[in-house]
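Below is one structure, written out as structure tokens; the observations come after it.
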Amino acid sequence: MNQADPLAELRALASPDAISLWPPAPGWWVLAALVLVCIYLLSRKIQKTRRARAYQREAVSEISLYWQQYLDEQDISVYLQNLSSLLKRTALSAYPNSNAASTSGDTWLAFLDSTLPETGSSNRFQSDIGQLLITGPYRKHIDTNPTELHALAEHWLRSHTSISSGVRPLA
């Protein structure tokens, strides 16, 4: 026996079968289930937050409507009545367990200030600007421009935080 090339007698290497992508390993099934649960919980949270903020979005659009109506008609008394009513309704929606429904006068303005976040601005409801909410709807002639009051009220509508639902302010 002539063994000139001992490697020639070896069999060819056997290649393993290709790894299949299906069915995935159990770890991938667990990961897919966790991702689906997270997506479901996140969508529920977004939906809940959106529903809780519905009153706030509606109030912001309503104050814009009242402001445009004031600019068209220049009737400050009607604007102040509408604004006061809107602020009261919004406070009742945001703070249902508070005494917002029964407050009036300086107590009402103090309530609005207490629910207004600190912004560094000197404009507060308990200043001369806010006094328009109390006396303005009942006076016949008002010489004050309600622009500052409108800006303050719109800021309150956008930035107050509802305690009952823990909803963050609209940006």
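Atom CZ of Phe111 sits about 13.0 Å away from atom OG of Ser104, to the nearest 0.5 Å. Between the OG1 atom in Thr103 and the CG atom in Leu109 there is a gap of 9.0 Å [rounded to 0.5 Å]. One distance of note links CG of Leu132 with NE2 of His150; it measures 14.0 Å at 0.5 Å rounding. Here the straight-line distance linking atom CG of Leu133 with atom CG of Leu83 works out to 5.5 Å at 0.5 Å rounding. To the nearest 0.5 Å, atom CZ of residue Phe125 and atom CG of residue Asp106 are 13.5 Å apart. The line from CG of Leu112 to NE2 of His160 is 10.0 Å long, rounded to the nearest 0.5 Å.
Val60 approaches Ile63 most closely through the heavy-atom pair O-CG2, 3.1 Å. Contact record, Pro6 with Ala4: CD-O, 3.6 Å, taken as the closest heavy-atom pair. Of all heavy-atom pairs spanning Ile76 and Pro146, the tightest one is CD1-CD, 3.6 Å. The shortest non-hydrogen separation linking Glu154 to Ser64 is OE2-OG, 4.2 Å. Among all heavy-atom pairs drawn from Ala59 and Thr90, the shortest one is CB-OG1, 3.5 Å. The heavy-atom pair separating Tyr66 from Tyr79 by the smallest distance is O-CD1, 3.6 Å.
Of the possible donor and acceptor atoms, none in the side chain of Gln126 sits under 3.5 Å from a partner among the backbone N and O of Asp113. Side chain of Ser85 to main chain of Asn82: no donor-acceptor pair is present (N/O by atom type, distance under 3.5 Å, no hydrogens or angles). For Ser84 (side chain) and Leu80 (main-chain N/O), no donor-acceptor pair under 3.5 Å exists by modelled atom type. Gln56 places a side-chain N or O within donor-acceptor distance of the main-chain N or O of Leu157, the cut-off being under 3.5 Å. A donor-acceptor contact shorter than 3.5 Å links the side chain of Ser43 to the backbone of Tyr40.
A donor-acceptor pair shorter than 3.5 Å cannot be found between the side chains of Ser77 and Asp75.
In this pair, Trp156 and Tyr95 present their aromatic rings tilted. The plane angle is within the 30 to 60° band.
Annotation for Glu58: atom CD does not count as buried by contact number, only 12 or fewer foreign heavy atoms lying within 6.0 Å. By the neighbour-count criterion of 12 heavy atoms within 6.0 Å, atom CG of Asp128 is sparsely surrounded, having that number or fewer from other residues, nucleotides or ligands.
A continuous path of hydrophobic side-chain contacts links Leu71 to Ile142 [ILVMFWY only; heavy atoms under 4.5 Å].
The shortest distance between side-chain heavy atoms of Leu116 and Leu152 falls below 4.5 Å. Contact check for Cys38 versus Leu41: no side-chain heavy atoms found under the 4.5 Å cut-off.
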